[in-house]
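Computed from a prediction, not measured in an experiment: that's the story for all the values here. For the numbers below, each heavy atom of this structure counts, side chains included, while hydrogens, waters and symmetry mates do not.
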Amino acid sequence: MIRVLIADDQPLVRRGLALILGPDPEFEVVGEAEDGARAVALAHELRPDVVVMDIRMPVMDGVKATEELARTLPGTRVLALSTFDMDEYVVAALRAGAYGFLPKDISPEELIAAVRIVHTGEAAVAPRLLSRLLSAYVRTPERPRSWAAQTPAELTPRELEIWRLMATGRGNAEIAAELDISVSTVKNHITGIFGKLGVRDRAQAVIAAYESGLVEAGSGSG
């Protein structure tokens, strides 16, 4: 059973999310929080597997709460929610340690699938959505850099190409088809890329690509 904590400043949203997840025997909604500070406190008390976290909340926003949970409860994974699918706060949440992002207008089925994915430790962000999001975000005049990507010279030519394709919105199957290699080979290369860049998942690798200058705003596909 996947233990879930819901954090949102709107009671109706919290109740709606709980009504989606609660009836499924795979999930147990262990608590609800109305702000980021309460989410952090409840997470320490209840030790959920996944926190479904609104990123814009009072007292402590979801970005700061995510950063605190990533630092103090690394086994608890955060799935960020936003009213807007193009929001620089989403990038900040992913950089802070969120494992995924969903806009609030997703379907119940998409929410359930994303919680499952995040629980496994994978990133629940559609590649093209992430690419569009970052492309919009990097147009802001001064964007913070929470980590410095390793120099591309440390990657092999094949790893560099796969990193670039990831950053422009391609999924693993699309990368495999474009480079005429197997999906399993792509996955192996991606594991190596993560290690050399010092990033945890695909979302952070794509952020690193934009921050390093490997790709630029508007270079994504779709």
Side-chain angles (χ1 to χ4, degrees), residues 2 4-10 13-14 16-17 20-21 27 33 35-36 39-40 43 48-57 60-70 73-74 76-140 143-144 146-147 166-172 190 194 199-211 215 217 220-222:
I2 302 172
V4 181
L5 172 66
I6 296 170
D8 195 290
D9 61 329
Q10 299 181 43
V13 173
R14 294 198 305 271
L17 294 172
I20 291 171
L21 296 172
F27 303 105
D35 59 61
V40 171
D49 300 304
V50 176
V51 179
V52 179
M53 180 90 74
D54 184 20
I55 56 176
R56 292 177 180 260
M57 291 188 290
M60 176 189 288
D61 66 33
V63 174
K64 291 179 181 176
T66 296
E67 186 173 19
E68 180 67 15
L69 290 177
L73 289 178
T76 294
R77 288 152 182 162
V78 174
L79 175 62
L81 293 180
S82 175
T83 304
F84 307 102
D85 65 358
M86 300 298 283
D87 188 341
E88 68 185 62
Y89 279 82
V90 176
V91 177
L94 293 169
R95 183 184 285 109
Y99 274 77
F101 155 70
L102 290 176
K104 285 187 177 179
D105 61 356
I106 46 89
S107 68
E109 293 77 16
E110 288 172 316
L111 173 65
I112 288 170
V115 173
R116 286 176 180 149
I117 290 169
V118 166
H119 180 246
T120 67
E122 297 294 324
V125 187
R128 284 189 173 83
L129 174 59
L130 180 61
S131 180
R132 285 185 11 246
L133 178 67
L134 292 173
S135 183
Y137 174 72
V138 296
R139 293 193 187 100
T140 58
R143 54 198 172 93
S146 62
W147 74 77
M166 273 198 297
T168 53
R170 269 77 158 189
N172 289 355
I190 289 174
F194 290 174
V199 301
R200 189 197 60 209
D201 57 30
R202 193 184 201 96
Q204 291 190 346
V206 175
I207 294 171
Y210 277 88
E211 292 187 331
V215 292
S221 65

Which heavy atom in [X] sits nearest to a heavy atom in [Y], and how many Å separate them?
| X | Y | result |
| --- | --- | --- |
| Met57 | Gly36 | CE-N, 3.6 Å |
| Ile55 | Asp61 | O-CB, 3.6 Å |
| Val40 | Glu68 | CG1-CG, 3.7 Å |
| Pro48 | Ala43 | CD-O, 3.5 Å |

Approximate separation, where rounding is to 0.5 Å, of [X] [atom1] and [Y] [atom2]:
| X | Y | atom1 | atom2 | value |
| --- | --- | --- | --- | --- |
| Leu102 | Met53 | CG | CE | 14.0 Å |
| Arg77 | Leu69 | CZ | CG | 13.0 Å |
| Asp8 | Leu81 | CG | CG | 7.0 Å |
| Leu21 | Ile112 | CG | CD1 | 6.0 Å |
| Thr120 | Asp49 | OG1 | CG | 11.5 Å |

Close side-chain approach of Gln10 and Asp54, heavy atoms under 4.5 Å = no
State, yes or no, whether a side-chain contact exists between Asp35 and Asp9 at a heavy-atom distance under 4.5 Å.
-> no
Donor-acceptor pair, Thr66 side chain versus Gly97 backbone, under 3.5 Å?
-> no
In a check of side-chain contact (heavy atoms from CB on, under 4.5 Å) between Leu79 and each of Val4, Val51, Ile117, Leu111, which one passes?
-> Leu111
